[in-house]
Amino acid sequence: MTDSSSAIGTSSSGDRAGASSGQPEALRTAHGVKVGIGLPIADPQSLVAWAERAESGPFSTLGLLDRLVYDNPEPLVTLAHLAGATQRIRLQTEVLLAPLRETALLAKQVATLDRLSGGRFTLGLGVGGRADDHEASGTELRTRGKRLDEQVATMRRLWSGEPYSESCGAIGPQPQTPGGPELLFGGFQPAALERVARWGGGFLAAAAPSWAPGLFDTVRRFWRDYDRAGSPRIVAQVNVALGPQHVIDDARAAMSAYYAFSDYGVNMVEGMLTTPDQIRTVTKQFADLGADEVIFYCYGRDPEQVDRLADAVG
């Protein structure tokens, strides 16, 4: 971590900010994993309230998804706004569709957010797969995986202070985190899982405990194949709605609309967890599988879900 004086608009890193501000540190559950909140996208104006509640609780991370052709807030802009409303909790894209974006500008935006947050930003990356997103961004759908790898290589160079090219200088600011923020990669295909090991990142798993083990094992095998030290960080994502029936109905309607393009949308909605016992059970299941963190993704707009989740994970 760089010296605190280098952060824009912040005086310390995420951990030290939490200690000095009186905010609680992120807690590990009784099962040994951290827990975070995936933010809803239907009401951007409410997200500061969500962030403030989460920071006052045991949560480690605020996550936000990404789409272009949809009625959702742009994640980097939104997380920068939430960085100013928080001091301790980490901020994470789940996942940012990098191939839709111009690489040099993305590197600058990410470094700026890392600085603004005092090093609390985690860049979750994915390739996406919606043809309309690529049409609107003027990018190629077929080569999105290759493009993502090229983007990560370029951004890593820029975050390390190297010039863009022989004829073009460096692009600042330098990120608060030396070499750039932590990376997570989402996906299910072998190429996506191999990317975790190739770039030394972590794995964001949007998979149920019943079929996540195979994904986890594959990521770990790739990690060993690349002779990486230690083990990859694994973050599980679970869709939840806690509260009265109208909260659950709101979440199911929002999730159904978001995944209307997918043949798996109905199954995903039906798999949404809606009781504290289910929350505790899935947390233990992922802990037993070796996950480091579980992100509970909320599609319903009621911010009181944050407090209910805090009670559920204890």
Side chain to side chain, Val110 and Arg101, heavy atoms closer than 4.5 Å: no

Interatomic distance, Thr154 atom OG1 to Glu150 atom CD [nearest 0.5 angstrom]: 7.5 Å

Between OG1 on residue Thr93 and CG on residue Leu123, distance to nearest 0.5 Å: 4.5 Å

Tyr259, OH: over 12 other non-hydrogen atoms inside 6.0 angstrom: yes

Val33 side chain near Phe286 side chain, heavy-atom distance below 4.5 Å: no

Joint hydrophobic cluster, Ile279 plus Met255, side-chain heavy atoms closer than 4.5 Å: yes

Donor-acceptor under 3.5 Å (Asp250 side chain, Arg301 main chain): yes

Salt bridge (charged side-chain N to carboxylate O under 4.0 Å, His left out) assessment of Asp149 paired with Lys146: CA-CA 5 Å; Asp149 287 324; Lys146 179 175 182 289; over 6 Å; no

Within-4.5 Å side-chain heavy-atom neighbours: Leu289 and Gln285: no

Minimum heavy-atom distance Trp199-Arg228, with the two atoms named: C-NH2, 3.7 Å

Contact check, side chains of Phe222 and Val196, non-hydrogen atoms, under 4.5 Å: no

Check: Glu182 side chain, Leu184 main-chain N or O, donor-acceptor pair, under 3.5 Å: no

Cluster check Leu39, Val77: I/L/V/M/F/W/Y, side chain < 4.5 angstrom: no

Criterion side chain to side chain contact (heavy atoms under 4.5 Å, CB included) on Thr177 and Phe121, from CA distance to verdict: CA-CA 9 Å; Thr177 307; Phe121 181 55; over 6 Å; no

Inter-residue atom distance Cys298.SG - Ile41.CD1, 0.5 Å rounding: 12.5 Å

Considering all heavy atoms, the nearest Ala54-Leu62 contact: CB-CD2, 3.7 Å

Check: Ile295 main-chain N/O paired with Gln237 side-chain donor or acceptor under 3.5 Å: no

Donor-acceptor contact below 3.5 Å, side chain Arg220 vs main chain Ser231: no

Stepwise ring pair (Phe, Tyr, Trp, His ring centres under 6.0 Å) test for Trp50 and Phe59: CA-CA 11 Å; Trp50 279 77; Phe59 301 102; 9.9 Å; no

Same apolar cluster: Leu158 and Leu125, side chain cutoff 4.5 Å: no

Backbone of Gly172 reached by a side-chain donor or acceptor of Lys108 within 3.5 Å: yes

Min side-chain heavy-atom separation Pro75-Leu96 under 4.5 Å: yes

Flag, side chain of Arg115 to backbone of Gln174, donor-acceptor distance under 3.5 Å: yes

Pairing of Arg221 and Asp217 as salt bridge, 4.0 angstrom limit: no

Ala107 backbone acceptor or donor facing Trp159 side chain under 3.5 Å: yes

Closest contact, heavy atoms only, Val95 versus Gly186: CG1-N, 4.1 Å

Arg120 side-chain N/O to Ile89 backbone N/O, donor-acceptor pair under 3.5 Å: yes

More than 12 heavy atoms from other groups under 6.0 Å of CD on Gln189: no

Aromatic ring pairing Tyr258/Tyr70, orientation class (parallel under 30°, perpendicular over 60°, tilted between): perpendicular

Test log, rule side chain to side chain contact (heavy atoms under 4.5 Å, CB included), inputs Leu242 and Val247: CA-CA 7 Å; Leu242 282 184; Val247 173; over 6 Å; no

Shared hydrophobic cluster for Leu141 and Val127 (ILVMFWY, side-chain gaps under 4.5 Å): no

From Ile37 atom CD1 to Leu64 atom CG, the distance as rounded to the nearest 0.5 Å: 13.0 Å

Over all atoms of both residues, closest heavy-atom pair of Arg308 and Pro244: NH2-CD, 3.8 Å

Heavy-atom pair of closest approach, residues Val235 and Gln92: CG1-NE2, 4.3 Å

Option from Glu94, Glu293, Arg233, Arg90 for which side-chain hydrogen bond (donor to acceptor under 3.5 Å, both in side chains) with Thr122 holds: Arg90

Asp66 side chain vs Leu97 backbone, donor-acceptor pair below 3.5 Å: yes

Over 12 foreign heavy atoms within 6.0 Å of CD, Glu135: no

Nearest-0.5 Å distance, CG of residue Leu47 to CG of residue Leu82: 6.0 Å

Shared hydrophobic cluster, Leu204 / Trp211 (ILVMFWY, side-chain heavy atoms < 4.5 Å): no

Flag side-chain contact, heavy atom, 4.5 Å: Val269 against Asn239: no

Arg195 vs Leu183 side-chain heavy atoms within contact, under 4.5 Å: no

Beyond-backbone contact of Val69 with Arg130, side-chain heavy atoms, under 4.5 angstrom: no

Closest heavy-atom pair and its distance - Pro173, Ala111: O-CB, 3.2 Å

Residues Leu76, Leu106; criterion side chain to side chain contact (heavy atoms under 4.5 Å, CB included); working and verdict: CA-CA 9 Å; Leu76 296 176; Leu106 177 58; 3.8 Å; yes

Under the ring-ring contact (aromatic ring centres under 6.0 Å, His included) test, residues paired with Tyr297 that sit two or more places apart: Tyr299

From Arg147 atom CZ to Thr103 atom OG1, the distance as rounded to the nearest 0.5 Å: 4.5 Å

Side chain Gln305, main chain Gly300, donor-acceptor under 3.5 Å: yes

